[in-house]
Amino acid sequence: MIPVTEHYFTDSPAATDAERRPRQLTLAGREVTVETAGGIFSPGGVDKATAILLDEVPAPPAAGDLLDIGCGWGPIALSLALLSPEATVWAVDVTERALDLTRRNAATLGLTNVRTARPDEVPADLAFAAIWSNPPIRIGKPAVQELLGTWLPRLTQGADAHLVIGKNLGADGYARWITDELGLPTERAATSKSFRVLRTSRPAGG
């Protein structure tokens, strides 16, 4: 069995036909069938933390560039694309397997507004009208801080990021770090079960 965290460290080839498995679930209020595979995060469907995030976030902007950091097979990116068909959704991950599954799922759902990319393939001057993410906390605090420090400052003025992090995995500490070190006000937007949904804002004019 591939450890959960290997997805975050090791590239993997696209899943074969035999490895991909259909899953029926609900995204953005719509019953859909998607494909998942082993070797990525939460191959059994939408994990608890992501489900909480999707239940708690406000509607995304109708237009602009929207970002999902660590897309996996695509539940967050696909939800953003379903909710905001006029926006461009960037689904970012480090493995080809995740990007291929998200790409396939977007095509199956007829979502032409999803762009899959490795981090270095996203245009450096692109800013985001919203960021939604269940970040890979188990890669370790320094790596998570590097990840958040890379993407959160790329919010457009007046835009928000929503992150879901386990309380016992340092959610409150990350909120303080983002506020203090990145200069982006961050607060607890919701608490459900053992998870926090954090809202990070880039003030207008800031």
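All values reported here derive from a predicted model rather than from experimental measurement. Sequential numbering from 1 along the given sequence is applied to the chain's residues.
What you find for Thr50 and Asn134 is that their closest heavy atoms are OG1-ND2, 3.1 Å. Across every non-hydrogen atom of Ala51 and Val46, the tightest pair is N-CG1, 3.7 Å. Between Arg30 and Leu82, the closest heavy-atom pair is NH1-CD2, 3.1 Å. The two residues Phe195 and Ala49 come nearest to each other via the heavy atoms CE2-CB, 3.5 Å. What you find for Val144 and Pro136 is that their closest heavy atoms are CG2-O, 3.6 Å. Nearest heavy atoms, Ser79 versus Leu54: OG-CD1, 3.7 Å.
Residues Glu19 and Arg97 are in side-chain contact: their nearest non-hydrogen atoms beyond the backbone lie under 4.5 Å apart. Side-chain contact between Pro135 and Ile165: present, with at least one pair of heavy atoms (C-beta onward) separated by less than 4.5 Å. Side-chain contact between Trp177 and Leu182 is present, with at least one heavy-atom pair separated by less than 4.5 Å. Between Val164 and Arg196 there is no side-chain heavy-atom pair separated by less than 4.5 Å. Residues Leu169 and Arg138 meet the side-chain proximity criterion, which asks for heavy atoms closer than 4.5 Å. In this structure the side chain of His162 never reaches within 4.5 angstrom of the side chain of Ser133, judged on heavy atoms.
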Note to self: Between Arg154 and Leu126, is the side chain to side chain contact (heavy atoms under 4.5 Å, CB included) condition met? List the steps.
What the structure shows: CA-CA 7 Å; Arg154 295 177 65 171; Leu126 199 64; 3.7 Å; yes

Item checked: Step-by-step side chain to side chain contact (heavy atoms under 4.5 Å, CB included) determination, Ile76 to Leu53 -> CA-CA 9 Å; Ile76 293 175; Leu53 176 73; 3.6 Å; yes

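No donor-acceptor contact under 3.5 angstrom links the side chains of Thr88 and Asn113, judged on distance only. Side-chain contact annotation: Asn105 with Thr102, donor-acceptor N/O pair under 3.5 Å absent.
For Glu146, the CD atom is loosely surrounded, since the number of other residues' heavy atoms within 6.0 Å does not exceed 12. Residue Arg176 places its CZ atom among 12 or fewer non-hydrogen atoms of other residues, nucleotides or ligands, all under 6.0 Å distant. Taking a 6.0 Å sphere around NZ of Lys141, one finds it holds 12 or fewer heavy atoms contributed by other residues, nucleotides or ligands.
Every residue two or more places apart in sequence or in another chain that forms a salt bridge (charged side-chain N to carboxylate O under 4.0 Å, His left out) with Arg104 is listed here: Asp100.
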Report all side-chain donor-acceptor pairs from residues 59-75 shorter than 3.5 Å, counting only partners two or more places apart or in another chain.
residue, atom, partner, partner atom, Å
Asp65, OD1, Trp90, NE1, 3.0
Asp68, OD2, Ala77, N, 3.2
Trp73, NE1, Ser42, O, 3.0

Which side-chain N or O atoms in residues 31-41 pair as donor and acceptor under 3.5 Å with protein atoms at least two apart or in another chain?
residue, atom, partner, partner atom, Å
Glu31, OE1, Thr26, OG1, 3.3
Glu31, OE2, Thr26, OG1, 2.5
Glu35, OE1, Arg20, NE, 3.2
Thr36, OG1, Arg23, NE, 3.4
Thr36, OG1, Pro43, O, 2.5

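Atom OG in Ser192 sits 7.5 Å away from atom CG in Asp55 (nearest 0.5 Å).
In this structure, Leu99 is not a member of the same hydrophobic cluster as Val89, with clusters built from ILVMFWY side-chain heavy atoms closer than 4.5 Å.
We find that Arg103 and Glu96 are joined by a salt bridge, their nearest charged nitrogen and carboxylate oxygen being less than 4.0 Å apart. Between Lys167 and Asp172 there is no salt bridge, since no side-chain nitrogen of the basic residue lies less than 4.0 Å from a carboxylate oxygen of the acidic one.
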